[in-house]
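Structure, as structure tokens:
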Amino acid sequence: MGFFGNYDTPGRGVLKTPHEKRPFFKFWEVYFRHMWQLMGLNLVYFLFTVPLFAMLVLLTYTGNMKWLLLLLISGIIGPATAAMTRVARNYSQERPTFMLHDFRKAFKKNLKQGLVMGYIDSIVIVSFLFGVPMYNRMAQENSIMYVPYVLSLSCMLVFFMMHFYIYQMMCSTNLTMKQILRNALFLVPLGLKNTIYTLVVSLLVIAFNYIVLIMPSTMPVGVTLLMFFPYAFLTFVACFNCYPVIRKNVIQPYYDKTGEKNPEEEDADAEEALFEDKAAEEEAVPLQKKSKPKVIK
């Protein structure tokens, strides 16, 4: 009878490890497991950056040294972003994390490179904000100017996608800032599928939050979402999708070159070997001859 299965033919047997879940389902499982911690992380980052943005707004209307002060203040966002990325990466990789402690520790550790990256971001963003509209106006008058207009848009998009890797390498490796930027540029096409997935989600979330914020009727909801949702969520998405690309193309080649064992693989092996079968290594215990019972007379 084959109604409940044919037990006469051999099958695959019992799998040693369970099937790996598809990335989409695994993402939401990991995210909902750490959702409240990520909301708290978003609030910490929001509270950290709100005073900076407030000072930026005030300085744009006062003082002769406003541009220098704007640059100095905007750079602080870099270490804060690196700290948030470190915590979000740990959550995405299911590593033990104490949010406030790890945030503060990562902020101090990545202060120097974070400031440099914050300054680079500020300069590049200001350049794009002035350059893209300028080329757009010039292109409407002269069609040949569509070439620099499209090039500037392309550079802006590539620079945005590089950020999926920049801050993760900053808080995961000992590379210099020059090496981080160069690697990020190459990792964008190397992990193209992961990069595109992250880009699509990022644009959708940014567009949704922007629409909610500009509408007067939904502005309170938009501010609430800004406090608890987008920063940490987008960072978590980038870490979940793009950290495997960094691990494959940057971290693992280093250990292969030096001949050292990757600590991440050691941790994985330790988890898989919790219940390792040692029966084959055990020595047989020799049987002892049974002695005849003595008869007491």
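Quick note: residue numbers are just sequence positions, from 1.
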(message) Would you say that P23 contacts K26 through its side chain, given a criterion of any heavy-atom pair below 4.5 Å between the two side chains?
(response) no

(message) Contact between F128 and C155 at the side-chain level, heavy atoms closer than 4.5 Å - yes or no?
(response) yes

(request) Would you please test R33 and V30 for side-chain contact (heavy atoms from CB on, under 4.5 Å) and show each step? (result) CA-CA 5 Å; R33 189 177 299 141; V30 177; 4.3 Å; yes

(request) For the pair Q37 (side chain) and V87 (backbone), establish whether a donor and an acceptor sit closer than 3.5 Å, ignoring hydrogens and angles. (result) no

(message) With side-chain hydrogen bond (donor to acceptor under 3.5 Å, both in side chains) as the rule and sequence neighbours excluded, what pairs involving residues 138-166 come up?
(response) D121-H163, Y165-T195

(request) For the pair N42 (side chain) and A232 (backbone), establish whether a donor and an acceptor sit closer than 3.5 Å, ignoring hydrogens and angles. (result) yes

(message) Could you check whether any side-chain N or O of T235 sits under 3.5 Å from a backbone N or O of T85, counting only pairs where one atom can act as donor and the other as acceptor?
(response) no

(message) Using side-chain heavy atoms (C-beta onward) and a distance below 4.5 Å, is L234 in contact with I206?
(response) yes

(message) Less than 4.5 Å apart, side chain to side chain, heavy atoms only: is that true for Y45 and T81?
(response) yes

(message) Can you confirm whether L157 sits close enough to L199 that some side-chain heavy atom of one is under 4.5 Å from a side-chain heavy atom of the other?
(response) yes

(request) Using ring pair (Phe, Tyr, Trp, His ring centres under 6.0 Å) as the criterion, point out the one residue from F240, F233, F229 that pairs with Y31. (result) F233

(message) When you compare the side chain of V201 with that of N241, does any pair of heavy atoms fall below 4.5 Å?
(response) no

(message) Show the nearest heavy-atom pair for residues C239 and A88, with the distance to one decimal.
(response) SG-C, 4.1 Å

(request) Would you mind reporting whether F208 and L225 have side-chain heavy atoms less than 4.5 Å apart? (result) yes

(message) Could you check whether any side-chain heavy atom of R95 comes within less than 4.5 Å of a side-chain heavy atom of R89, counting everything from C-beta outward?
(response) yes

(message) As an exercise, state the distance from CD1 of I180 to CE of M117, rounded to the nearest 0.5 Å.
(response) 9.0 Å

(request) Taking N209 for its side chain and V205 for its backbone only, find out whether a donor-acceptor pair lies under 3.5 Å. (result) yes

